[in-house]
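On a predicted model such as this, the values are computed, not experimentally measured, just so you know. Quick note: residue numbers are just sequence positions, from 1.
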Amino acid sequence: MREVRAVRERIGALLTLARRARAAGRGDEAERILDDFFEGRIGYETARKKLERLAEC
(Lines give C-alpha, C1' and ligand atoms only; values in the text may rest on other atoms or scores of the structure.)
Protein backbone atom coordinates (compact mmCIF):
# COMPACT_ATOMS: atom_id res chain seq x y z
CA MET A 1 0.00 0.00 0.00
CA ARG A 2 2.92 2.32 0.71
CA GLU A 3 4.09 1.95 -2.90
CA VAL A 4 0.69 2.97 -4.22
CA ARG A 5 0.75 6.08 -2.06
CA ALA A 6 4.23 6.97 -3.31
CA VAL A 7 3.14 6.60 -6.95
CA ARG A 8 0.03 8.69 -6.28
CA GLU A 9 2.14 11.43 -4.66
CA ARG A 10 4.58 11.49 -7.57
CA ILE A 11 1.81 11.76 -10.13
CA GLY A 12 0.17 14.48 -8.04
CA ALA A 13 3.45 16.40 -7.99
CA LEU A 14 3.72 16.21 -11.79
CA LEU A 15 0.12 17.37 -12.22
CA THR A 16 0.71 20.30 -9.85
CA LEU A 17 3.78 21.36 -11.82
CA ALA A 18 1.81 21.04 -15.05
CA ARG A 19 -0.91 23.32 -13.64
CA ARG A 20 1.73 25.90 -12.70
CA ALA A 21 3.21 25.65 -16.21
CA ARG A 22 -0.27 26.18 -17.71
CA ALA A 23 -0.72 29.26 -15.53
CA ALA A 24 2.59 30.53 -16.90
CA GLY A 25 1.29 30.09 -20.46
CA ARG A 26 3.20 26.88 -21.20
CA GLY A 27 0.25 24.47 -21.20
CA ASP A 28 0.91 22.82 -24.57
CA GLU A 29 4.47 21.95 -23.60
CA ALA A 30 3.34 20.67 -20.21
CA GLU A 31 0.77 18.40 -21.87
CA ARG A 32 3.43 16.94 -24.18
CA ILE A 33 5.68 16.22 -21.21
CA LEU A 34 2.84 14.52 -19.31
CA ASP A 35 1.96 12.49 -22.41
CA ASP A 36 5.58 11.38 -22.76
CA PHE A 37 5.66 10.37 -19.09
CA PHE A 38 2.39 8.43 -19.10
CA GLU A 39 3.29 6.70 -22.37
CA GLY A 40 6.64 5.62 -20.94
CA ARG A 41 8.91 7.65 -23.20
CA ILE A 42 10.48 9.56 -20.29
CA GLY A 43 10.89 8.78 -16.62
CA TYR A 44 9.58 10.59 -13.56
CA GLU A 45 12.75 12.57 -12.82
CA THR A 46 13.02 13.82 -16.40
CA ALA A 47 9.36 14.83 -16.48
CA ARG A 48 9.66 16.57 -13.12
CA LYS A 49 12.73 18.55 -14.15
CA LYS A 50 11.17 19.63 -17.44
CA LEU A 51 7.92 20.66 -15.77
CA GLU A 52 9.77 22.56 -13.06
CA ARG A 53 11.59 24.56 -15.71
CA LEU A 54 8.32 25.36 -17.46
CA ALA A 55 6.59 26.32 -14.22
CA GLU A 56 9.36 28.78 -13.38
CA CYS A 57 8.84 30.80 -16.55
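Nearest heavy atom pair, residue A47 against residue F37, reads CB-CB, 4.0 Å. Nearest approach of A24 to A55, heavy atoms of both residues: CB-O, 4.4 Å.
Residues F38 and I11 are in side-chain contact: their nearest non-hydrogen atoms beyond the backbone lie under 4.5 Å apart.
Summarising the local packing, CD of E3 is surrounded by 12 or fewer heavy atoms from other residues, nucleotides or ligands at distances under 6.0 Å.
Remark: side-chain polar atoms of T16 are paired, donor with acceptor, to backbone N or O of G12 under 3.5 angstrom.
Residues passing the side chain to side chain contact (heavy atoms under 4.5 Å, CB included) test with E52 are L17, R48, sequence neighbours excluded. With sequence neighbours excluded, the residues forming a salt bridge (charged side-chain N to carboxylate O under 4.0 Å, His left out) with R41 are D36, E39, listed by chain and number.
For the atom pair CD1 of I42 and CZ of R32, the computed distance is 12.0 Å after rounding to the nearest 0.5 Å. In this structure, NZ on K49 lies 8.0 Å from CZ on R53, to the nearest 0.5 angstrom. Distance CZ/R20 to CG/L54: 11.0 Å, rounded to 0.5 Å. Rounded to the nearest 0.5 Å, atoms CZ (R26) and CD (E31) are 14.0 Å apart.
Just one of L34, I33, L14 meets the side-chain contact (heavy atoms from CB on, under 4.5 Å) condition when paired with K50; it is I33.
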